Amino acid sequence: METLPLSRAFTLIEPGPVTLVVTNDGHKDNVMTITWTMVMDFSPTFAITTGPWNHSWAALCDRRECVIAIPTVDMIDTVIGIGTCSGADTDKFPKFGLTRVAAHHVGVPLIGQCLANIECRVIDIVERHGIVVLEGLAAWIDPARKEKRMLHAVGDGTFIVDGEKLDRREAMRSKLPDGV
């Protein structure tokens, strides 16, 4: 073993797939790239990490709703483009050719190009850590979409792509909720 600078330790614990989070500030839709996501348990409770430096923070705090959209590897350049410009001065839906699809439970759209979308309500904000806790209200998936591999950000400008699935459901059955 050799020393890894502690400032790079976060690159060892990848939190989940890269997501696009759609918000609306009461005037216009915005979409941001979020690489720090997590599931809270087997219920539809999720968390994202962001903060006041992000244009969408105010919309999350004020409107208390969003859509988590799950892009796939074929969208990597779009994901990076969205994450490297601000909704304060860029209308990202037309800029990146994103298709708005009407949501059923929130006032922001789903993203048609994504593999899946989760409509969410903000149920808690831990401001000290920039953690936004979300309750899933509805989930949508496009089973006809050919590309299903998700992106995982390492945090240093590199990404890992989903690969082969290893099925150990039967060995883990006692720990899985019914229906999974």
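Just so it is clear, the model here is predicted, and its values are computed rather than measured.
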Side-chain donor-acceptor pairs under 3.5 Å in residues 76-88, sequence neighbours left out?
residue : atom : partner : partner atom : Å
T84     : OG1  : I80     : O            : 2.9
T84     : OG1  : G81     : O            : 3.3
S86     : OG   : A88     : N            : 3.0

*Got a sec, which pairs hit ring-ring contact (aromatic ring centres under 6.0 Å, His included) with one end in residues 76-105, sequence neighbours left out?*
H104-W140

*Taking all heavy atoms of I48 and all of M32, pick out the closest pair and write down the distance.*
CD1-CE, 4.4 Å

*Sort and list the pairs that fulfil salt bridge (charged side-chain N to carboxylate O under 4.0 Å, His left out) and have at least one residue in residues 106-133, not counting sequence neighbours.*
R121-E135

*Full working for salt bridge (charged side-chain N to carboxylate O under 4.0 Å, His left out) between D29 and R100*: CA-CA 10 Å; D29 298 327; R100 289 175 172 90; 2.8 Å; yes

_Contacts of type side chain to side chain contact (heavy atoms under 4.5 Å, CB included), residue R149, not counting sequence neighbours_ = V73, E147, V161, D162

*Pairs satisfying ring-ring contact (aromatic ring centres under 6.0 Å, His included), at least one member in residues 49-91, at least two apart*: none

*For T45 and V133, which heavy atoms make the closest approach, and how far apart are they?*
CG2-CG1, 3.8 Å

*Is it the case that one hydrophobic cluster holds both V108 and V132, taking links as side-chain heavy atoms less than 4.5 Å apart, direct or via other members?*
no

*Do L134 and C66 pass the side-chain contact (heavy atoms from CB on, under 4.5 Å) test, and can you show the C-alpha distance, the side-chain angles, and the key distance before you say yes or no?*
CA-CA 9 Å; L134 305 165; C66 67; 3.8 Å; yes

*Restricting to pairs with a member in residues 65-75, which pass salt bridge (charged side-chain N to carboxylate O under 4.0 Å, His left out), not counting sequence neighbours?*
D74-R145

_Spacing of CZ belonging to F159 relative to NE2 belonging to H152, to within rounding of 0.5 Å_ = 11.5 Å

_Test side-chain contact (heavy atoms from CB on, under 4.5 Å) applied to T33 and L20, step by step_ = CA-CA 5 Å; T33 299; L20 299 174; 3.5 Å; yes

*Residue pair V31, T23: steps toward the side-chain contact (heavy atoms from CB on, under 4.5 Å) verdict*: CA-CA 6 Å; V31 58; T23 59; over 6 Å; no

_Checking D89 now: which residues fulfil salt bridge (charged side-chain N to carboxylate O under 4.0 Å, His left out) with it, not counting sequence neighbours?_
none

*Does a sphere of radius 6.0 Å around NZ in K95 hold more than 12 heavy atoms from other residues, nucleotides or ligands, not counting ones at 6.0 Å or beyond?*
no

Pairs of donor and acceptor atoms involving the side chains of residues 109-117, under 3.5 Å and at least two apart or interchain, shall be tabulated with distances.
residue : atom : partner : partner atom : Å
Q113    : OE1  : T99     : N            : 2.9
Q113    : NE2  : G97     : O            : 2.9
Q113    : NE2  : T99     : OG1          : 2.8
N117    : OD1  : I111    : N            : 2.9
N117    : ND2  : I111    : O            : 3.3

_Please give me the minimum heavy-atom distance between K148 and P143, naming the atom from each residue._
NZ-O, 3.1 Å

*Share the residues that join V154 in a hydrophobic cluster, the rule being Ile, Leu, Val, Met, Phe, Trp or Tyr side chains under 4.5 Å apart at the heavy-atom level.*
I160

*Verify the distance criterion only: is there a donor paired with an acceptor across the side chains of S56 and N30 at less than 3.5 Å?*
yes

Can I get a per-line list of side-chain donor-acceptor pairs under 3.5 Å for residues 167-180, giving both atom names and the distance, sequence neighbours left out?
residue : atom : partner : partner atom : Å
D167    : OD1  : R169    : N            : 3.0
E170    : OE2  : R173    : NH2          : 3.4
R173    : NH1  : V180    : O            : 3.0

*Result of checking I70, T35, T37, T72 against V18 for side-chain contact (heavy atoms from CB on, under 4.5 Å)*: T35

*Start with the C-alpha distance between E164 and L166, add both sets of side-chain angles, then the distance that settles side-chain contact (heavy atoms from CB on, under 4.5 Å), and finish with yes or no.*
CA-CA 6 Å; E164 178 186 359; L166 305 175; 3.9 Å; yes

*Is C120 close to V67 at the side-chain level, that is, under 4.5 Å between some pair of heavy atoms?*
no

*asked:* With a 4.5 Å cut-off on side-chain heavy atoms, are T50 and L60 touching?
replied: yes

*Check side chain to side chain contact (heavy atoms under 4.5 Å, CB included) between L4 and all other residues, then give those that pass, not counting sequence neighbours.*
R8, L12

*Of all heavy-atom pairs between I118 and G136, which one has the smallest distance, and what is that distance?*
CG2-CA, 4.1 Å

_Please say yes or no: joined through hydrophobic side-chain contacts below 4.5 Å, possibly via intermediate residues, are M150 and V21 part of one cluster?_
yes

*Please name all residues satisfying salt bridge (charged side-chain N to carboxylate O under 4.0 Å, His left out) with D142, sequence neighbours left out, ordered by chain then number.*
none

